[in-house]
Amino acid sequence: MAGRRGIGGLSGGERDKLVQSLRAGRKSAQETRAAAPKRPQAAAAFDFSTLPEIKQLRMQRAAADMIGVENPFFRPHDATAGARTEIDGRSFDNFASYNYLGLSGHPEVIAAANAATETYGTSVSASRVVAGERPIHRELEAALARLHGVEDAMTYVSGHAANVSTIGHLLGPDDLILTDVLIHNSIAEGARLAGAKRLNFPHGDLDALERLLASNRHMHGHVLIAVEGLYSMDGDFPDLKRLIALKNRYDAWLLVDEAHSLGVLGATGRGIAEEYGVDPASVEIWMGTLSKTLASCGGYIAGSSALCEYLKATAPGFVYSVGMAPPLAAAALASTIILEREPERVARLKANGHHFLQAAADAGLDTGPSAGYSVVPVIVGDSVQAAMLANALLQDDLNVLPIIFPAVAEKAARLRFFITSEHTGEQIERAVARTAERLAQIRAGGSGLKALLDKAR
Ligand code: PMP
C-alpha cells in the first residue's frame, strides 16, 4: 500500500494537494461533470481515465493512501458470512452482513437451492413471460403474499431493480413522489426514471411530510409517499399509523420498503405492519428484498392482485428481464418456511439488537436514532476516522464497515453494525467495548478529515 506516513509526515505541498483533493471530493459527480469542458480533446475522447469523474475518484483514493487509511471496501470473504466470517485466512466476529436470521448457510436452505438446481438448472434462460416460468416462482410469490398478509406478490431479479422498475413505471411526469431524506438509492433512482417531481422531508418528520402534502397535492395526479420499514442507515422506523392516516387524507399511495424489517419487526417477523398491528391491506405497495432475511437475491412487490398483475404484464424490469434463478427462488422459499416455523429467531434478533444498543449507550457511543433491531450505527462524525476505526477493529478480529461521505453527510459518518439472531452476548459486548476503546484512541490522536481541513485553514 502507498505511503503510510500519516498526516504529520506530509510536506506543505503534499498537504495542500491532499486538502484540495478532499475538497474536490465534496463535489457531486454532476458538479464535476458540469465544471468540465463539454467536448473533450479528440485524443482523450476514447480514454475513460481522462474523464473528470474518474480523475476525481482517483484523487480521493490517492488522498486516503497518503494519510495511510487502507481501503476498507471490497474485501473478499471466504466463507458464509454470518455472525462469524473469514477474510484472508483469518476468522472474524462479523457485523457487516445482513444475514439477519442466520438463514444464508442454513442446511435446509442449501438443500432446497441444490434440489432446484438439479431439477431446473442454474438459470431459467428466459423472461418469465416467455419460456422462463417455473412452478417455484409462483410458490415463492404465494409465500411472500402470505407473509405480508396481502393478496399477491411478484418478484424481480434484484431488490434494487424492484424499486427502480416499479416506481419508474407506476409514476410519470405529472406525479409527485415524497421521500424521507434517508430513503434508499433504488427509490431515488425509480423517482428519476419516472420523471415525477420529487420532494424530500427531513428524516422521520411527518409534520414536514404533511406540510408538503398540503401545499403540493393539488398540483399532481398520483402522489407516492415512500418510506422504509426500518431505515438501513439509522436503524429506526417510521410511525406507520400516522403515515396511513396522512396518505388517506391526501389521497396518496404509500410504498413501504421492508428490506431491513422483514424477519425483524413484529413478533413473528412479518414486518412493520405486524409491529403496529395494522391491516397490511391499508398500504398500497409493500416492497422487499430477498437478499437479507430470506438469504437469497432478488426483490418483490406485494399488494393487491391488480397491482401485481399489472406489474407482471408491463413493468420493464420484469417483462424484459430473466426470471429468477431456480436456486435463488428455492433458497428464498425455504427461508420463508423457516421464518414461519421458528419465530424464536426473530425474538433472538430483537434481544441482540436491544443488547447492542444498551451496551453502546453504557459505553458512551452515539447510536443516533436506532431502535436497536437489525441495524445499529455508531456515529463517528468524520469519514477518515470512521475508516480508521473499521481498520483498527480488524486487528481485534471484528469486521464492521464504515459508511462515509457521500453515502451519508460528513458529520454523520459512521460504522454500521448489522445484528443477527446468531450473535452471542459475548460477541456483542466485546464488539461494543473494542469500538469504544479504539474510537477514543483515534479521537485522542487528533487525526481525521476535520482535523486535516482545520490545520489547512
Ligand atoms: N431497499 C433498501 C432499503 C436496501 O437497503 C437495499 C439494499 N441493501 C435495497 C432496497 C436493494 O436490495 P438488493 O440489495 O437486494 O438489490
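As the structure lists them, so they are numbered: ligands from 1, and atoms in each ligand from 1. Values in this document were obtained by computation on a predicted structure and should not be read as measured data. When a residue number appears, it is its place in the shown sequence, counting from 1.
- Looking at T85 and H77, their side chains do bring a donor and an acceptor atom within 3.5 Å of each other.
- Residue pairs meeting the ring pair (Phe, Tyr, Trp, His ring centres under 6.0 Å) criterion with at least one partner in residues 306-328, sequence neighbours excluded, are H169-Y310.
- D175 places none of its side-chain heavy atoms less than 4.5 Å from the side chain of I177.
- The closest side-chain donor-acceptor pair between N114 and E118, if any, does not fall under 3.5 angstrom.
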Are there any N/O pairs under 3.5 Å between ligand 1 and the protein, and if so, what are their distances?
from     : atom 1 : to   : atom 2 : distance (Å)
ligand 1 : 1 (N)  : D257 : OD2    : 2.6
ligand 1 : 5 (O)  : H260 : NE2    : 2.7
ligand 1 : 8 (N)  : K292 : NZ     : 2.6
ligand 1 : 15 (O) : S291 : OG     : 2.7
ligand 1 : 16 (O) : G159 : N      : 3.1
ligand 1 : 16 (O) : H160 : N      : 2.9

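- R348 contributes a side-chain N or O that, together with a main-chain N or O of S421, makes up a donor-acceptor pair within less than 3.5 Å.
- In this structure, R249 pairs ionically with E210, as a charged nitrogen and a carboxylate oxygen lie closer than 4.0 Å.
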